[in-house]
2 protein chains.
Amino acid sequence: MSGIKEVAKLAGVSVATVSRVLNDSSSVLPETKDRVCEAIEKLNYQPNLLARNLRRSETKLILAIIPSISNMFFSEVVRGMQNKARKYGYNLLLCNTEDDSESLKVYLNLLKSRQADGVIFVSSAIEQQTLTGIAKTHPVVLCSEYYDGLDISYISIDNKLAAYQAVQHLIRTGRKRIAFINGFDYHISTRLRLEGYKQALADNNIEFREELVRQGTYGLKSGLRVMRQFLSLEEPPDGVLAGSDMMAIGAIKFIKQSGLKVPEDIGVVGFDDTRATSIFEPSVTSISQPMFDMGQCAVDILLKKINSLQGYEEKLILEHELVIRHSTV
Amino acid sequence: MSGIKEVAKLAGVSVATVSRVLNDSSSVLPETKDRVCEAIEKLNYQPNLLARNLRRSETKLILAIIPSISNMFFSEVVRGMQNKARKYGYNLLLCNTEDDSESLKVYLNLLKSRQADGVIFVSSAIEQQTLTGIAKTHPVVLCSEYYDGLDISYISIDNKLAAYQAVQHLIRTGRKRIAFINGFDYHISTRLRLEGYKQALADNNIEFREELVRQGTYGLKSGLRVMRQFLSLEEPPDGVLAGSDMMAIGAIKFIKQSGLKVPEDIGVVGFDDTRATSIFEPSVTSISQPMFDMGQCAVDILLKKINSLQGYEEKLILEHELVIRHSTV
DNA sequence: TTGTATGCGTTATCAC
DNA sequence: GTGATAACGCATACAA
């Protein structure tokens, strides 16, 4: 393949001029510009980005660190990220950690060795110390999960309010004993949702009961498992809030297996509003998170950080929505 | 951040020696090696990959072009690709085309400008001409869909046999009028599956009927739509093979809406065996494709091509499996 | 407006 | 076994 020199020679100019038309920096005489463009066409010249990247010390690559790509929530976020990134000429370096801290390290090395211009952590299990270290030297944005104490940009939803509304909905539709299948407690969303859950109970004069809150692992099986525990209680719940759609579906499956009916006997609300909610029968009432938007905004914020030398930080909370389906009414 | 020069100075050696221990190329005296490593540690030195990439003219990046990341089939393939790539120090540049040919072009420019060492097309809608052009100058592997006439490496399953077995299964479980919701006809899988479908009918002395074959778009809605057409026939089918799990689920949904029962009145078989098959009720009988393996093998083949100067090509067919669930028995 | 020359941080080819 | 040094292909400060 031909380089910038050949183009320069063919156009009868210096490499500097070719570089100028390439980046349309400073002014080039229209006629010389035409000559250069012509030469570029003729030689089918493509600038070598490796050289440009070295020179400019950038890669136009964004590290996207996510727990698992085969989770509908994350894949939607990734779609949003990619969509926005493309608009700005950036691309996504995809990093599936599968919650393995070893691979996380490997991927973070990509940042240190300048293979990427910045990083977006989507719901990542990363130590605060590691995170602050990275944030000191590289542009970082947190997506979905974040740390409240740290001054690091993030984008998320109002998890407390969301859980509050979900519980309110269950109560308003006649339930009184609301159980909660929550997520990992190192996630801030888990703690905030628990607050919202408690608040809703309190506002409706319902006593909080320890045994009605359990942790799941976001998957279908953990929904089944926790629901089995709930149904074996002396006073089983008549409403369930789950921290993910898959756990909600798992719960519903177990309820049906037990000969009970959804929504008649027990109402169930999920979280995220992934496509699974409308595939499953009964369709699942769920808190809709703007996953695509979150991905887009995360990239937006990251690019702002990349292009602003000072310590720009932005915390963004996006709107959610309770989508009511047949698992509650 | 410190460069190789600082390390060299601190260790009291030349940059060449530092480079040697970095790549453990040729022999370095153990004691000098120790000194260098020590200096690297002390300065927390990370080689600048941009410079290395320019020098070596490689990026250790693989372009992964897929129609949509939010499709379970593709996300599993991507997981496999990433998994294997990591083992060899490669990373994935994720490109969601959303079936937009414009963005495809953009992504292919990454190859031309040397931002990636090779490309894997997963079920991509790409013109043969474009493809052969790229394959002439860059390492290319096709995954899932491919072109039979071209000498370009690919990995897939035996789609004809798979469809054959699915239809056999429907017939063996008592069905006689088998309908087929097929995929896009620019996909080779679509054509091969049709062959298998016809073959199975022929082998069972069942007449092929044009009106029992329709095209869908792989999504849930198209399954619903096509099933409506089938049920409005004078002689509706008692068995359905769908080219994707989502279409199978859509079909089942419509069947149930129509007051008929699955599997009692109509048996349904899907394709791919994505997780949706076991989430849905009834669970869906499906042809299991080794998606993760396909991703892994695709990367394997691509790396072989990258590391072999001559025109290495490999065509691989992986095993599939009919997984029987409640939608047929 | 355009050309010259230097540097980006490595790796690799020579010498020694 | 080790050290100078020339590339890699481009962008830019400076000079013209």
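Computed from heavy atoms alone, side chains included, the values below leave out hydrogens, waters and symmetry copies. First the proteins, then the strands, lettered A, B, ... as listed; each starts at 1.
Remark: A/K315 pairs with A/D151 by the side chain to side chain donor-acceptor pair (under 3.5 Å) rule, at least two apart or across chains. Qualifying side chain to side chain donor-acceptor pair (under 3.5 Å) partners for A/S153, counting only residues two or more places apart in sequence or in other chains: A/E313. Applying the side chain to side chain donor-acceptor pair (under 3.5 Å) rule to A/E145 yields the partners A/S189; only residues at least two apart in sequence or on another chain are considered. By the side chain to side chain donor-acceptor pair (under 3.5 Å) test, A/Y107 pairs with B/Q82, sequence neighbours left out.
Distance A/Q115 CD to C/dT10 P: 13 Å, rounded to the nearest Å. The separation between A/L50 atom CG and C/dG9 atom P is 16 Å, rounded to whole Å. When rounded to the nearest whole Å, the span between CD of B/E58 and P of D/dC8 equals 17 Å.
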Restricting both atoms to N or O, compile the protein contacts to nucleotides 10-14 of chain D shorter than 3.5 Å, with distance only.
residue, atom, partner, partner atom, Å
D/dC10, OP1, A/Y45, OH, 2.4
D/dC10, OP1, A/N48, N, 3.0
D/dC10, OP2, A/I4, N, 2.6
D/dA11, OP1, A/N23, OD1, 3.4
D/dA11, OP1, A/N23, ND2, 3.4
D/dA11, OP1, A/R52, NE, 2.6
D/dA11, OP1, A/R52, NH2, 3.2
D/dA11, OP2, A/S19, OG, 3.0
D/dA11, N3, A/R55, NH1, 2.2

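Listed by first then second residue, pairs satisfying salt bridge (charged side-chain N to carboxylate O under 4.0 Å, His left out) with a partner in residues 19-31 of chain A number zero, not counting sequence neighbours. For the salt bridge (charged side-chain N to carboxylate O under 4.0 Å, His left out) condition, the pairs that include at least one residue of residues 76-85 of chain B, sequence neighbours left out, are A/E98-B/R79, B/E76-B/R79, B/K84-B/D300.
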Name every donor-acceptor pair, under 3.5 Å, that has one atom in a side chain of residues 131-141 of chain A and the other anywhere in the protein, sequence neighbours excluded.
residue, atom, partner, partner atom, Å
A/T132, OG1, A/Q128, O, 3.0
A/T132, OG1, A/Q129, O, 2.9
A/T137, OG1, A/I134, O, 3.3

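Heavy-atom distances under 4.0 Å link DNA chain C to A/S27, A/V28, A/L29, A/T32 of residues 27-36 of chain A, given in residue order.
With DNA chain D read from its 5' end, the first of the two nearest nucleotides for B/G12 and B/R114 is the one closest to B/G12.
Neither side chain, A/T190 nor A/D185, offers a donor N or O lying under 3.5 Å from an acceptor on the other.
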